[in-house]
Amino acid sequence: MASPYTPKNILITGAAGFIASHVANRLIRTYPHYKVVVLDKLDYCSNLKNLNPSKNSPNFKFVKGDIASADLVNHLLVTERIDTIMHFAAQTHVDNSFGNSFEFTKNNIYGTHVLLEACKVTAGQVKRFIHVSTDEVYGETDEDALVGNHEASQLLPTNPYSATKAGAEMLVMAYGRSYGLPVITTRGNNVYGPNQFPEKLIPKFILLAMRGKVLPIHGDGSNVRSYLYCEDVAEAFEVILHKGEVGHVYNIGTKKERRVNDVARDVCKLFGVDPEKSIKFVENRPFNDQRYFLDDEKLKKLGWSERTTWEEGLRKTKEWYTQNPEWWGDVSGALLPHPRMLMMPGGRGHFDGSEESSLVTDEKPSQRNHMVVPSLRSAPQKLSLKFLIYGKTGWIGGLLGKICEKQGIAYEYGKGRLEDRASLLQDVVSVKPTHVFNSAGVTGRPNVDWCESHKTETIRANVAGTLTLADVCRENGLLMMNFATGCIFEYDENHPEGSGVGFKEEDTPNFTGSFYSKTKAMVEELLKEFDNVCTLRVRMPISSDLNNPRNFITKISRYNKVVNIPNSMTVLDELLPISIEMAKRNLRGIWNFTNPGVVSHNEILEMYRDYINPEFKWANFTLEEQAKVIVAPRSNNEMDASKLKKEFPELLSIKESLIKYAFEPNKKT
């Protein structure tokens, strides 16, 4: 056995993620004389709160950045005098690798290559490079095998994820042999425990059970996996760091195997629910390996052994998720049977969940804030977004396309009709979108009065079509951004006009004056059953295009008479770009998609007079008088936009937004 190794300055990649955060916290706590630098780009499955136990430790520093940035990696190795690298950063979810395999190649192979090259050019500075791989590189183990794969077994990966991990291993081996880099590779079984992003089996099952939902099992559930508790794995890495031999591979495993069916039943037992009613078998994923089985004797000879029993580990994990249900925010997309999460930068970037970021730049050496983003800037990383938009001929759909062009986002308009499921599926297959935007539907020609005499057509488009699209998106793991309406409320005794008390997202619609509003309220209620939908309640939309007849300003400026009632409204120039940002953030649920506050008809027309036409005049009439010239009553209300304002603090009030986006650009001099 080699002499024990003692590091000084350790770089841990991906340590805002699950396994690496437990390793980092353990090393920082146990070895205060080790300096630990964490490098993480904060992808969707990372969370700075995972490092809460270490955030105030003087031997800890966090750097937000991508391992694919050679400049940043070289900078860190030199300025932090790194002598040890523990490389955890990777895309790891097999399901995602089938739909976004290039992202896995970029992160898992290219990122590893960048780190290896940086070690090579620092000429002997790095004394240990511990590369974290996976048991999946061995491929499927025979069901009747009594002995697991040992470290010299052939690598036979069967999916894009494991193939990229095997490819990275080959690079690590090559740099060890060609350049003498002091490399060690680990291959581990499945890990579970607190802090894990719930796209993985055990936290997914626990969160679904907490919510009273069924547990989806791929195929027949006979697949066998071995599970290790996270603290036992962190201890394994501690042992390998200090006692592992350069040039060697170590399996981190357990011989205690469980079928997926058994895991689901154990979770049901923990929650006291009937597994016969709580388990649902769904379509299997492509080539779902039947079994992974490791021989872990080599690591045991270094002094490591598994400490946590399955029952104890599962109980601890359940307790943690029960106590921290909002740790990961909205994870409804990850809880789908076949999730397809975006590879998104800027994941959970706050230690305490506060609005203010604790990231700082250009920190002086004397400062004790250990959250550092170096002033060195690498090339900006672009998201591989592609939008499928329905409603090409509509106002909002057309504007969405223009915004995508301006932002350089790939998009296509859907060719299928919403009520035709087969044509929607064809769109998804041919376009391969990351998100779907639905701005299609019937509002009436020229207004909602049309819906009163065309009820069947209105139901077909607004209810049946929208639900069909939502279901197609759900089956394909896609988030649907659905443009809805706030015209499903009217002022009442709990929300009186002028009170400043607006309707919230959770309030029950109370306006049934028009058939259009009835269909929109109906479909909104049904869409609550779909956890892949983000519903945006638009009201009285306004834009800078004052020639557009659908623009609320244009409409009322052309009426002979108008009512004068304060209402919430949506300035599209400001809010449509926000809808795209919401898609990038994978936000879900119902949102009042209006600018904060209210504005009355007269206040808008006064602005129109002051900015556009000094000679403009208008007259008012009452609701009773208005009722004589329209078929269906109109909705008047105030929407509470505080939820949207909290997510986007820069959002302007309705009057400020009107001036900035509608009137100032059109001001007559």
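Remark: the K61 side chain and the N9 side chain contain no N/O donor-acceptor pair separated by less than 3.5 Å. Under the 3.5 Å distance criterion, with hydrogens and angles disregarded, a donor-acceptor pair is assigned to the side chains of R187 and Y138. Counted by atom type alone, E136 and N159 present one or more donor-acceptor pairs between their side chains at under 3.5 Å. No side-chain donor from either of T185 and H131 sits under 3.5 Å from a side-chain acceptor of the other. At a cut-off of 3.5 Å, with distance as the only test, a side-chain donor of H248 or K298 sits close to an acceptor on the other residue. If you check the side chains of E231 and H22, you find a donor sitting under 3.5 Å from an acceptor. Between S69 and D71, the side chains place no donor N or O within less than 3.5 Å of an acceptor N or O (distance only, hydrogens not considered). At a cut-off of 3.5 Å, with distance as the only test, a side-chain donor of D40 or S46 sits close to an acceptor on the other residue. Counted by atom type alone, Y227 and E257 present zero donor-acceptor pairs between their side chains at under 3.5 Å.
When all heavy atoms of N59 and Y31 are compared, the closest pair comes out as ND2-O, 3.4 Å. The minimum heavy-atom distance linking G221 with R259 is given by the pair O-CB, 3.8 Å. A pairwise comparison of heavy atoms in Q196 and P203 identifies OE1-CD, 3.4 Å as the closest pair. When all heavy atoms of H87 and I67 are compared, the closest pair comes out as CE1-CD1, 3.6 Å. Residue A118 comes nearest to N74 through the heavy atom pair CB-OD1, 3.1 Å, listed as atom of the first residue, atom of the second, then distance. When every heavy atom of A20 is checked against every heavy atom of A15, the shortest pair comes out as CB-CA, 3.4 Å.
Put simply, the side chain of T13 does not reach to within 4.5 Å of the side chain of M86, judged on heavy atoms. A heavy-atom distance below 4.5 Å is found between the side chains of Y34 and P7. Between I240 and T186 the shortest side-chain heavy-atom distance falls below 4.5 Å. Between N223 and R225 there is a side-chain heavy-atom pair separated by less than 4.5 Å. Taking 4.5 Å as the limit, every side-chain heavy atom of D66 sits out of range of all side-chain heavy atoms of L72. Looking at heavy atoms from C-beta onward, C119 lies in side-chain contact with I85 at the 4.5 angstrom threshold. Between L587 and D330, every side-chain heavy-atom pair lies at or beyond the 4.5 Å cut-off. When side chains are defined from C-beta on, V233 does not count as touching C230, because their heavy atoms never get closer than 4.5 Å.
Proximity of a side-chain donor or acceptor of S57 to a complementary backbone N or O of F60 within less than 3.5 Å is not detected. Not one N or O on the side chain of E412 forms a donor-acceptor pair closer than 3.5 Å with the backbone of F387. Side chain of K41 to main chain of A89: no donor-acceptor pair is present (N/O by atom type, distance under 3.5 Å, no hydrogens or angles). No donor-acceptor pair closer than 3.5 Å links the side chain of N251 to the backbone N or O of D296. Distance alone, capped at 3.5 Å, places no donor-acceptor pair between the W327 side chain and the W320 backbone. Q125 places a side-chain N or O within 3.5 Å of a backbone atom of I82 that can act as its donor or acceptor partner. The closest donor-acceptor contact from the side chain of N47 to the backbone of K49 lies under 3.5 Å. Distance alone, capped at 3.5 Å, places no donor-acceptor pair between the K200 side chain and the F197 backbone. Under the 3.5 Å distance criterion, the side-chain polar atoms of N25 are matched with a main-chain donor or acceptor of N50. Within the 3.5 Å criterion, the main-chain N or O of G313 finds no donor-acceptor partner in the side chain of T308.
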Q | H113/Y175 under ring-ring contact (aromatic ring centres under 6.0 Å, His included): CA gap, chis, key distance, verdict | A | CA-CA 9 Å; H113 200 167; Y175 269 71; 5.6 Å; yes
Q. Are E238 and T30 close enough, and set up right, to give a side chain to side chain contact (heavy atoms under 4.5 Å, CB included), and what steps lead you there?
A. CA-CA 10 Å; E238 179 185 6; T30 310; 4.2 Å; yes
Q. Would E311 and D266 satisfy side chain to side chain contact (heavy atoms under 4.5 Å, CB included), going step by step from the backbone distance to the final call?
A. CA-CA 9 Å; E311 292 74 19; D266 287 344; over 6 Å; no
Q: Given side chain to side chain contact (heavy atoms under 4.5 Å, CB included), test F129 with V172 step by step and report yes or no.
A: CA-CA 9 Å; F129 184 103; V172 171; 4.3 Å; yes
Q: Any chance you could lay out the side chain to side chain contact (heavy atoms under 4.5 Å, CB included) test for I217 and N261, step after step, and finish with the verdict?
A: CA-CA 7 Å; I217 293 179; N261 277 332; 3.3 Å; yes
**Q.** ring-ring contact (aromatic ring centres under 6.0 Å, His included) evaluation trace for F88 with F237
**A.** CA-CA 11 Å; F88 290 85; F237 279 104; 4.8 Å; yes
(Q) Let's go through D135 and N189 carefully: what are the C-alpha distance in whole Å and the side-chain angles of both, what is the deciding distance for side chain to side chain donor-acceptor pair (under 3.5 Å) to 0.1 Å, and is it a yes or a no? (A) CA-CA 6 Å; D135 59 356; N189 278 148; 2.8 Å; yes
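For the atom pair CG (L116) and OG1 (T112), the distance works out to 6.5 Å, reported to the nearest 0.5 Å. Expressed to the nearest 0.5 Å, how far CG of L294 lies from NE2 of H150 amounts to 11.5 Å. Between H242 atom NE2 and S3 atom OG the span is 13.5 Å, to the nearest 0.5 Å. Note that CG of L208 and CG of L335 are 4.5 Å apart. Values are rounded to the nearest 0.5 Å. Put simply, CG on D43 and CG on N107 are 7.0 Å apart, with the number rounded to the nearest 0.5 Å. Note that the OH atom of Y161 and the OG1 atom of T105 stand 13.0 Å from one another [nearest 0.5 Å].
Comment: E117 engages K120 in a salt bridge, judged by a side-chain N to carboxylate O separation of less than 4.0 angstrom. Ion pairing between E297 and K255 holds under the 4.0 Å rule for side-chain N and carboxylate O. Ion pairing between a basic and an acidic side chain is recognised when a charged N comes within 4.0 Å of a carboxylate O; K165 and E169 show no such pairing.
Of the listed residues (Y229, Y321, F205, F18), just one forms a ring-ring contact (aromatic ring centres under 6.0 Å, His included) with Y192, and that residue is Y229.
Under a cut-off of 6.0 angstrom, the local environment of NZ in K8 is sparse, with at most 12 non-hydrogen atoms contributed by other residues, nucleotides or ligands. Summarising the local packing, CZ of R29 is surrounded by more than 12 heavy atoms from other residues, nucleotides or ligands at distances under 6.0 Å. No more than 12 heavy-atom neighbours from other residues, nucleotides or ligands sit within 6.0 angstrom of CZ on R307.
Remark: K256 fails to qualify as a cation-pi partner of W310 under the 6.0 Å distance and 45° angle criteria applied to the six-membered ring. A cation-pi contact links R128 to Y5, judged by a cut-off of 6.0 Å to the six-membered ring centre and 45° from its axis.
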